[in-house]
Amino acid sequence: MTEYERSRTMPAQPEHVFDEAANVGRLDSWLPEALHVRAEELPAVTVHEDRTDEDTSALLRARRDQMRIEWGTRDQGGYAGWLQVAGLGSGASEVTVHLSFFDAGHDPGERAVGDALDTSLERLEEQVRLRVDHAAG
């Protein structure tokens, strides 16, 4: 098993960050560009990966009371992950994303995963910023 984790501080209340991250209809706006999530009957989702041009059955659960999103493959158990939002006070939040690959065939490698996590957190921060700015404006 291989695990990866990244964190990023965002200038927004944890509720705002969580609501944006957990919005199933907007996951494509911050997930790695090669991944596309289609909701079925939640928690069931289908994840399309451009790299392999394959659809994978997965589960996605958002737990607002814990400010946590959890996901993973349904059938083959290739990977799982979670996103946790924590308030830092003074209107800031820390977002941590953790991925576990149980099957080496699903693991694209440390550099690719690290880049994807960093880019995803940057994109999530931008989406949160747009949402907060729009609500304030």
Go through the structure and list residues passing salt bridge (charged side-chain N to carboxylate O under 4.0 Å, His left out) with [X], not counting sequence neighbours.
X      : value
Asp118 : Arg6
Arg51  : Glu49
Glu126 : none
Arg61  : none

From [X] atom [atom1] to [Y] atom [atom2], the distance as rounded to the nearest 0.5 Å:
X      : Y      : atom1 : atom2 : value
Leu117 : Leu124 : CG    : CG    : 12.0 Å
Arg64  : Asp19  : CZ    : CG    : 4.0 Å
Gln84  : Ser93  : CD    : OG    : 11.0 Å

* Would Leu83 end up clustered with Leu42 when hydrophobic side chains under 4.5 Å apart are linked, directly or stepwise? -> yes
* Verify the cluster assignment for Val17 and Val24: are they in a single hydrophobic cluster under the rule of side-chain heavy atoms below 4.5 Å apart? => yes
Who pairs with [X] by side chain to side chain contact (heavy atoms under 4.5 Å, CB included), at least two apart in sequence or on another chain?
X      : answer
Ala62  : Phe18, Ala22, Ile69
Asp107 : Thr2, Tyr4, Phe101, Val113
Ala44  : Glu40, Arg74

* **Inter- and intrachain pairs under ring pair (Phe, Tyr, Trp, His ring centres under 6.0 Å), touching residues 53-87, at least two apart** => Tyr79-His106, Trp82-His98
* Leu27 vs Val45, side-chain contact (heavy atoms from CB on, under 4.5 Å): CA-CA, chis, key distance, verdict -> CA-CA 12 Å; Leu27 290 174; Val45 296; over 6 Å; no
* Asp53: partners by side chain to side chain donor-acceptor pair (under 3.5 Å), with sequence neighbours left out -> His48
Side-chain donor-acceptor pairs of residues 28-37 under 3.5 Å, sequence neighbours excluded:
{"unit_1": "Asp28", "atom_1": "OD1", "unit_2": "Val37", "atom_2": "N", "d": "3.3"}
{"unit_1": "Ser29", "atom_1": "OG", "unit_2": "Arg26", "atom_2": "O", "d": "2.6"}
{"unit_1": "His36", "atom_1": "NE2", "unit_2": "Glu33", "atom_2": "O", "d": "3.4"}
{"unit_1": "His36", "atom_1": "NE2", "unit_2": "Asp50", "atom_2": "OD1", "d": "3.3"}
{"unit_1": "His36", "atom_1": "NE2", "unit_2": "Asp50", "atom_2": "OD2", "d": "3.0"}

Return all side-chain donor-acceptor pairs below 3.5 angstrom for residues 7-14, not counting sequence neighbours, or 'none' if the list is empty.
{"unit_1": "Ser7", "atom_1": "OG", "unit_2": "Thr96", "atom_2": "OG1", "d": "2.8"}
{"unit_1": "Arg8", "atom_1": "NE", "unit_2": "Glu125", "atom_2": "OE1", "d": "2.5"}
{"unit_1": "Arg8", "atom_1": "NH2", "unit_2": "Glu125", "atom_2": "OE1", "d": "2.9"}

* To do: Hey, could you give me each pair passing salt bridge (charged side-chain N to carboxylate O under 4.0 Å, His left out) that has a residue in residues 81-106? Not counting sequence neighbours.
  => none
